[in-house]
Student: 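Can you read through this structure? Questions will come right after.
We count residues from 1, following the sequence as given.
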Amino acid sequence: MRLPFFYGWVVVAVTFVTMAIGVNARTAFSLFFPPIVSEFGWERGVTAGAFSFGFVVSGVVSPLIGRLMDRAGPRAVMELGVVLMGGGLLLAPLTSAPWHLYVTIGVMVGAGSVCLGYSGQSLFLPNWFIRKRGFAIGIAFAGVGIGSVTLLPWVQHMIEQTGWRTACTAMGLLILVVLAPVNLLLHKRPQDIGLEPDGDAVPAAGAAEPISNVVDPVWVGTDWTLKRAVATARFWWIALGYFCGLYIWYAVQVHQTKFLLDIGFSPGVAVWALGIVSLLGIPGQILLGHVSDRIGREWVWAISCAGFVICFAALMALKFQPSLWLVYVMVFTQGALGYGLTSIMGAVVFEIFQGKHQGSIFGTIMLAALAGGAAGPWVTGFLYDRTGDYTLAFAIAMIVSALSALSIWQAAPRKVRAVAGRLHKLQAGTGAD
């Protein structure tokens with residue numbers, strides 16, 4: 001039975017739901033953290049270390065998940081993620097020693113989050129769209145924001161009413177009951193079910209060839225294995241750009257609440273600021289994803305990095321003038337602009353290294369990205385401990401933001417494949433030849 005719309009939008013819907021639940025199930029650890037510390041009396045560093053250890057696990061398994069995607073496709077990867085994350089959350093309530101948390105929340109939930117989160121989805125979703133690639137990914141990834149404003153308050157309410165163990169169990173069951181069946185609807189690419197990207201008609205025999213978006217035929221014609229990709233400058237520019245991108249993302253996300261409290265804002269304002277950032281990220285990701293289809297991935301990456309630069313500048317200014325309007329600037333530029341990074345992370349890699357091994361290549365690049373995500377909060381905290389305030393740390397983060405933008409510009413996906421909004425210029429240039 002043929003659907004009245006392109007099946008790629010079903011894939012987007014499944015990804016939206018998976019991201020809403022999967023990513024926020026991991027984030028919910030911050031809600032479980034206080035009652036766990038209160039119950040067991042463990043040191044905060046030891047307890048929080050389970051979440052940090054999960055970041056390490058995520059980095060280690062990321063290349064392996066990419067290889068599994070290349071060989072077995074998205075259903076295998078997603079269902080593995082469902083089993084790991086769901087199982088980890090169901091087993092975590094049995095915790096009676098710190099190492100139990102490290103196995104359940106750290107290893108199982110950490111590894112599962114790679115499958116169900118940004119990394120796993122970016123391994124196949126870009127296959128389904130070319131002209132609307134950024135727009136589709138932006139919609140799919142906006143599920144994280146929707147989940148954060150619906151699921152997390154529900155989890156917090158459950159913790160207050162029935163305890164962290166019941167809330168943890170409920171999240172595990174939600175993952176198994178909802179995500180296990182819906183992810184059976186996934187396919188790796190439209191050609192697997194007789195379709196073309198964007199829902200285009202299959203070209204008839206003898207029909208005119210559609211306009212190609214290929215700018216560099218020699219590069220595109222190369223069979224990009226991981227070994228070949230690693231030997232190129234483009235691979236390392238992307239890796240550096242993604243390392244810096246997640247560095248700035250998590251540097252501000254982890255430290256902004258404490259910073260706002262330190263300079264005199266109420267807990268209500270600090271919590272509100274963090275929540276509104278996620279909310280603004282929803283339209284920001286969708287709009288900037290769409291804009292990237294018109295003007296190019298590098299421009300939107302630069303716009304998002306500029307958003308983080310303004311965000312850090314506002315934070316630095318807040319120390320000297322703690323006014324609400326500066327908080328608004330910080331929140332808006334971080335959420336509406338900065339969060340646009342996620343809508344094009346998959347697109348950049350696919351447009352440069354598209355092929356049979358694109359999953360392995362992306363998974364390996366994400367190892368650098370996750371290292372940046374781990375380094376940002378740590379370096380920012382280290383510099384605060386050494387200097388007594390965040391000024392130097394935020395100034396360095398501004399430099400890192402600029403370096404991220406420069407790196408993606410150097411990787412130059414525009415010189416490999418043109419986005420839809422630039423096809424007319426490519427066609428005009430070809431005609432001139």
Student: Within a strict 4.5 Å, meaning less than it, do heavy atoms of the Met158 and Met171 side chains meet?
Tutor: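 Met158 does not reach Met171 side chain to side chain.
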
Student: Could you give me the CA-CA distance, side-chain angles and deciding distance for Trp9 and Phe129, then say whether ring pair (Phe, Tyr, Trp, His ring centres under 6.0 Å) is met?
Tutor: CA-CA 10 Å; Trp9 296 112; Phe129 299 87; 4.8 Å; yes

Student: Which residue is it: Gln358, Gln354, Arg189? I am looking for the one with a side chain to side chain donor-acceptor pair (under 3.5 Å) to Asn127.
Tutor: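 Going through Gln358, Gln354, Arg189 one by one, the side chain to side chain donor-acceptor pair (under 3.5 Å) with Asn127 is satisfied by Gln358 alone.
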
Student: Take Val220 and Val416, measure what side chain to side chain contact (heavy atoms under 4.5 Å, CB included) needs, and give me the verdict at the end.
Tutor: CA-CA 7 Å; Val220 171; Val416 178; 3.8 Å; yes

Student: Any donor-acceptor pair under 3.5 Å linking the side chain of Asp293 with the backbone of Gly134?
Tutor: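 Judged by distance alone, yes, a pair lies under 3.5 Å.
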
Student: Rounded to the nearest 0.5 Å, how far does SG of Cys305 lie from CG of Leu403?
Tutor: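 Output value for this atom pair is 9.0 Å.
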
Student: Taking Glu351 as the fixed residue, which of Lys415, Arg133, Arg417 is the one that meets the side chain to side chain donor-acceptor pair (under 3.5 Å) rule?
Tutor: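 Testing each of Lys415, Arg133, Arg417 against Glu351, the sole residue satisfying side chain to side chain donor-acceptor pair (under 3.5 Å) is Arg133.
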
Student: Mind jotting down which residue pairs meet the ring-ring contact (aromatic ring centres under 6.0 Å, His included) criterion with at least one end in residues 141-171? Sequence neighbours excluded, please.
Tutor: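 Applying ring-ring contact (aromatic ring centres under 6.0 Å, His included) to every pair that reaches into residues 141-171, excluding sequence neighbours, yields Tyr118-Phe141.
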
Student: Would you say the side-chain atoms of Tyr242 pair up with the backbone N or O of Ala368, donor to acceptor, closer than 3.5 Å?
Tutor: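 No; judged by distance alone, with no hydrogens or angles, the pair does not exist.
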
Student: Please check this pair: side chain of Arg422 against backbone of Arg414, looking for a donor-acceptor N/O pair closer than 3.5 Å.
Tutor: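 Side chain of Arg422 to backbone of Arg414, a donor-acceptor pair under 3.5 Å: no, none is there.
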
Student: Are Val11 and His187 close enough, and set up right, to give a side chain to side chain contact (heavy atoms under 4.5 Å, CB included), and what steps lead you there?
Tutor: CA-CA 8 Å; Val11 176; His187 296 277; 5.8 Å; no

Student: What is the minimum heavy-atom distance between Pro190 and Pro197, and which atoms define it?
Tutor: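 Scanning both residues, the minimum pair turns out to be CG-N, 3.7 Å.
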
Student: Quick one, Leu90 and Thr169 - any side-chain contact, counting heavy atoms below 4.5 Å?
Tutor: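 A side-chain contact exists here, since the closest heavy-atom pair is under 4.5 Å.
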
Student: Considering residues, nucleotides and ligands other than Trp299, do more than 12 of their heavy atoms fall under 6.0 Å from its CH2?
Tutor: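 Result for CH2/Trp299: open.
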
Student: Take Thr333 and Phe308 through the test side chain to side chain contact (heavy atoms under 4.5 Å, CB included) and record every step on the way to the result.
Tutor: CA-CA 7 Å; Thr333 53; Phe308 276 113; over 6 Å; no

Student: Sequence neighbours left out, what passes side-chain contact (heavy atoms from CB on, under 4.5 Å) with Ser278? Give chain and number order.
Tutor: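 With neighbours one apart ignored, the set is Ser148.
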
Student: Just by modelled atom types, is the Gly289 backbone N or O under 3.5 Å from a matching donor or acceptor in the Ser292 side chain?
Tutor: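 Indeed, once roles are kept as given, a pair shorter than 3.5 Å links the two residues.
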
Student: Tell me whether the rings of Phe33 and Phe29 are parallel (<30°), tilted (30 to 60°) or perpendicular (>60°).
Tutor: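 Ring orientation of Phe33 relative to Phe29: tilted.
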
Student: Side-chain contact, heavy-atom cut-off 4.5 Å: Tyr384 with Lys258?
Tutor: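 They are not in contact (no side-chain heavy atoms under 4.5 Å apart), so the answer is no.
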
Student: Counting only N and O atoms by type, is there a donor-acceptor contact under 3.5 Å from the side chain of His100 to the main-chain atoms of Ala92?
Tutor: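 No; zero donor-acceptor contacts below 3.5 Å.
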
Student: Once side chain to side chain donor-acceptor pair (under 3.5 Å) is applied, do any residues pair with Trp128, and if so which ones, sequence neighbours excluded?
Tutor: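 With neighbours one apart ignored, the set is empty.
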
Student: Say whether, by atom type as modelled, one donor and one acceptor occur between the side chain of Gln121 and the main chain of Leu116 under 3.5 angstrom.
Tutor: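 Yes: the side chain of Gln121 pairs with the backbone of Leu116.
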
Student: What's the separation between atom CD1 in Ile365 and atom CG in Leu226, rounded to the nearest 0.5 Å?
Tutor: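 Ile365 CD1 to Leu226 CG: 9.0 Å, rounded to 0.5 Å.
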
Student: Rounded to the nearest 0.5 Å, what separates atom OG in Ser343 from atom CD1 in Ile137?
Tutor: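 One finds 7.5 Å between OG of Ser343 and CD1 of Ile137.
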
Student: Please find out if less than 6.0 Å separates the ring center of Trp236 from that of Phe243.
Tutor: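 Ring-ring flag for Trp236/Phe243: false, centres at least 6.0 Å apart.
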
Student: Around atom NZ of Lys188, are there more than 12 heavy atoms from other residues, nucleotides or ligands closer than 6.0 Å?
Tutor: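 Atom NZ in Lys188 is packed in, count exceeds 12.
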
Student: Looking only at non-hydrogen atoms, find the nearest pair between Pro153 and Val149 and report the distance.
Tutor: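 What the structure gives for the nearest pair is CG-O, 3.6 Å.
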
Student: For the pair Met69 and Phe362, evaluate side chain to side chain contact (heavy atoms under 4.5 Å, CB included) and give the outcome as yes or no after the intermediate values.
Tutor: CA-CA 10 Å; Met69 180 67 74; Phe362 183 84; over 6 Å; no

Student: Relative to the ring of Phe353, is the ring of Trp219 parallel (under 30°), tilted (30 to 60°) or perpendicular (over 60°)?
Tutor: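 It falls in the tilted class, 30° to 60°.
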
Student: If you look at every heavy atom in Thr15 and Ala140, which pair is closest and at what distance?
Tutor: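 Looking at all heavy atoms of both residues, the closest pair is CG2-CB, 3.7 Å.
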
Student: Over all heavy atoms of both residues, which pair between Ala397 and Ile248 is shortest? Give the atoms and the distance, please.
Tutor: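 Heavy-atom minimum between the residues: O-CG2, 3.4 Å.
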
Student: Which atom names give the shortest non-hydrogen contact between Ala111 and Leu84, and what distance separates them?
Tutor: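 Scanning both residues completely, I find the closest heavy atoms to be CB-CD1, 3.9 Å.
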
Student: Measure the CD1-CG distance between Ile21 and Leu174 for me, rounded to the nearest 0.5 Å.
Tutor: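 So the CD1 of Ile21 and the CG of Leu174 are separated by 4.0 Å.
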
Student: When you measure from the side chain of Ser62 to the backbone of Gly363, do you find a donor-acceptor pair of N or O atoms at a distance under 3.5 Å?
Tutor: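 Flag set: sc Ser62 to bb Gly363 pair under 3.5 Å.
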
Student: Suppose we screen for side-chain contact (heavy atoms from CB on, under 4.5 Å). Which residues come up paired with Ala420, at least two apart in sequence or across chains?
Tutor: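 Scan of Ala420 (side-chain contact (heavy atoms from CB on, under 4.5 Å), adjacent residues dropped) gives Arg131, Arg294.
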
Student: Sub-3.5 Å donor-acceptor pair from the side chain of Ser407 to the main-chain atoms of Ile238, do we have one?
Tutor: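 Not a single qualifying donor-acceptor pair exists.
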
Student: Name all residues meeting the side-chain contact (heavy atoms from CB on, under 4.5 Å) criterion together with Phe259; count only those two or more places apart in sequence or in a different chain, and write none if there are none.
Tutor: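 Testing Phe259 for side-chain contact (heavy atoms from CB on, under 4.5 Å), a comparison that skips the adjacent residues, returns Ile263, Leu315, Leu318, Lys319, Tyr390, Phe394.
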
Student: Got a second to check how far Lys356's NZ is from Trp224's CH2, nearest 0.5 Å?
Tutor: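 Between Lys356 NZ and Trp224 CH2, I get 14.5 Å after rounding to 0.5 Å.
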
Student: Under a 4.5 Å cut-off applied to non-hydrogen side-chain atoms, are Glu79 and Asn183 in contact?
Tutor: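 SC-SC contact between Glu79 and Asn183 confirmed.
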
Student: Heavy-atom count around Gln191 CD within 6.0 Å, excluding the residue itself: above 12?
Tutor: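 Yes, enclosed.
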
Student: So do Ile352 and Phe235 actually touch side chain to side chain, heavy atoms under 4.5 Å?
Tutor: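 No, their side chains stay 4.5 Å or more apart.
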
Student: Report the residues that fulfil side-chain contact (heavy atoms from CB on, under 4.5 Å) with Ile396, sequence neighbours left out, ordered by chain and then residue number.
Tutor: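 Residues passing side-chain contact (heavy atoms from CB on, under 4.5 Å) with Ile396: Tyr247, Leu383, Leu392, Val400.
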
Student: Once you measure the plane-to-plane angle for His290 and Phe135, does it fall in the parallel (<30°), tilted (30-60°) or perpendicular (>60°) bin?
Tutor: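 Perpendicular, since the angle between the ring planes exceeds 60°.
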
Student: Which word best sums up how the rings of Tyr102 and Phe53 line up, parallel for under 30°, tilted for 30 to 60°, or perpendicular for over 60°?
Tutor: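 Answer is tilted, since the angle falls between 30° and 60°.
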
Student: Using side-chain contact (heavy atoms from CB on, under 4.5 Å) as the criterion, point out the one residue from Val109, Ile65, Leu370, Leu367 that pairs with Ser58.
Tutor: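 Result: among Val109, Ile65, Leu370, Leu367, Leu370 is the only option passing the side-chain contact (heavy atoms from CB on, under 4.5 Å) with Ser58.
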
Student: Are the side chain of Thr232 and the backbone of Arg228 linked by a donor-acceptor contact shorter than 3.5 Å?
Tutor: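 Looks like no, no N/O pair under 3.5 Å.
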
Student: For residues Ile295 and Val419, determine if any side-chain heavy atom of one lies less than 4.5 Å from a side-chain heavy atom of the other.
Tutor: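 The answer is no; the side chains never approach within 4.5 Å.
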
Student: Below 4.5 Å, heavy atoms only, C-beta onward: do Trp42 and Val37 meet side chain to side chain?
Tutor: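 No, their side chains stay 4.5 Å or more apart.
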
Student: Rounded at 0.5 Å granularity, tell me how far CD in Gln285 sits from OH in Tyr339.
Tutor: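 Between atom CD of Gln285 and atom OH of Tyr339 there are 8.5 Å.
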
Student: Flag the pair Ile146 / Phe16 as yes when at least one side-chain heavy-atom distance between them is below 4.5 Å, and no otherwise.
Tutor: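 Yes - at least one pair of side-chain heavy atoms lies under 4.5 Å apart.
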
Student: Heavy-atom count around Arg75 CZ within 6.0 Å, excluding the residue itself: above 12?
Tutor: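 Yes, enclosed.
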
Student: Is the backbone of Ser360 close enough, under 3.5 Å, to the side chain of Arg67 for a donor and an acceptor to pair up by distance?
Tutor: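 Here the side-chain-to-backbone pair does not exist.
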
Student: How far apart are the closest heavy atoms of Asn24 and Ala20, and which atoms are they?
Tutor: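 Closest pair (atom of Asn24, atom of Ala20, distance): ND2-O, 2.8 Å.
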
